[in-house]
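Chain letters run A, B, ... following the sequence lines, proteins first and then strands; every chain starts at 1.
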Amino acid sequence: MPELPEVETVVRALRPQLVGRTIQAVRNRWPRHIATPTLDELQARIHGRTFQAIERRAKYIVCHLTGKETLLFHLKMTGHLAVVSALLPENKHSHTIFSLNNDEELRFTDPRKFGRVYLVANIDDLLGGLGPEPLLSDFTPQLLRTRLQKHKRAIKPTLLDQTVIAGIGNIYADEALHEARILPTRPANSLILSELDRLHHGIQKVLRLGIEREGASISQYVKPDGTKGDMQNAVAVFRRTGDVCYRCGRVIERIILGGRATHFCPGCQV
DNA sequence: ACCGGAGCCTGTTAGC
DNA sequence: TGCTAACAGGCTCCGG
């Protein structure tokens, strides 16, 4: 399930393969894969454009093209992007394929069909409502406090709200709360200053660890080259239900919170 | 304004 | 063992 570290890993892999390449054609075998505009308009607007820069914003992959167009991808649950030889046999779930000017193709494959392609002239239309990037310097404990004070619902689903903080998903929310020793059921606006400091530190620590380990290959996620990340071997609580906490020895529990599986240690998270 | 739940999807897993 | 039903969850939309 690609979250900030997984998407960052994908961006870092794709960047040297795509920057400077020109899109010659687009093929699509499932029209709803393209969220905006229509397939016809996408093809008309994208033909002949060159990748100038590729970056990540929240869980979006943002490709700046010549002509002030921006191509974006969201992998959602099972999306996979890779640059491969045009001779490689196609996967039946490769819904949208971009032919490049070097006998390679950028293929967006997604069995679950949650992922989407966007082409926009103004990225703020799509990204304007997102919360701050948790690894940038302007994300301070004070900013975290300001963002969380507005919400009285549980801290775990609040961390998943992309308008509050951008990029955190189910794995890293559970991991950050464990790192910070905070129960996921705590109301977001109930955290005291010392807890906010720990949570700020915990969020950054687990996200940086996830990037360093090139993502968590839990369920479907693999890197663009098809190999696994390593973060699944470094989680403290996620899907460790029934195992002992490395920090205090109590048994990890699993509850449903905000409709999401939530893993925590009842011994050291309060 | 805020919040919880449904819906989107299909491969994988759990349970009978 | 083999089948079916439940589950997985990021995000948007809708209704309370």
Whole-Å distance between B/dA1 P and A/D161 CG?
-> 15 Å

Roughly how many Å is it from CG in A/L160 to P in B/dC3, rounded to a whole number?
-> 13 Å

Side-chain donor or acceptor of A/Q269 paired with backbone N/O of A/R181 under 3.5 Å | no

Distance below 4.0 Å between A/Q162 side-chain N/O and C/dG10 OP1 or OP2 = no

For the pair made of CD1 in A/I155 and P in B/dC2, what is the distance, rounded to whole Å?
-> 15 Å

Which whole-number value in Å describes the distance from A/K156 NZ to B/dG4 P?
-> 13 Å

A/R153 side-chain proximity, nearest of C/dG10, B/dC3, B/dT10 | B/dC3

Has the side chain of A/R260 got a donor or acceptor atom sitting under 3.5 Å from an opposite partner on the base of B/dG4?
-> no

Short side-chain N/O contact from A/K59 to OP1 or OP2 of C/dC11, under 4.0 Å | yes

Does the ring of A/Y246 carry A/R240 above it, NZ/CZ under 6.0 angstrom from centre and within 45° of its axis?
-> yes

A/K76 NZ to B/dT10 C1', in whole Å, measures 15 Å

Among the nucleotides B/dC3, C/dC11, B/dC2, which one has an atom lying closest to any side-chain atom of A/H151?
-> B/dC3

Could you pull out every donor-acceptor pair under 3.5 Å between side chains of residues 60-67 of chain A and any protein atom, sequence neighbours left out?
residue, atom, partner, partner atom, Å
A/H64, NE2, A/E55, OE2, 2.7
A/T66, OG1, A/T50, N, 2.9

Just wondering, do A/Q17 and A/F51 contact through their side chains at under 4.5 Å, heavy atoms?
-> no

Between A/H200 and A/F139, does the ring centroid distance fall short of 6.0 Å?
-> yes

Comparing A/K150 and A/G259 on DNA chain B - which has the more 5′ nearest nucleotide | A/K150

Would you say A/H93 reaches B/dG11's phosphate, i.e. side-chain N/O to OP1/OP2 under 4.0 Å?
-> yes

Under 4.0 Å: is that the gap between some side-chain N or O of A/H74 and OP1 or OP2 of C/dG10?
-> no

Atom-to-atom span, CZ of A/R239 to C1' of B/dT13 - whole angstrom = 10 Å

Value in whole Å for how far the P atom of B/dC3 lies from CD1 of A/I256 = 20 Å

Among C/dC11, B/dC9, B/dG11, find the nucleotide with the atom closest to the side chain of A/P111.
-> B/dG11

What is the nucleic acid contact for A/F238, judged by heavy atoms within less than 4.0 Å: base, sugar-phosphate only, or nothing?
-> sugar-phosphate

A/D125 CG to C/dT12 P: how many Å, rounded?
-> 13 Å

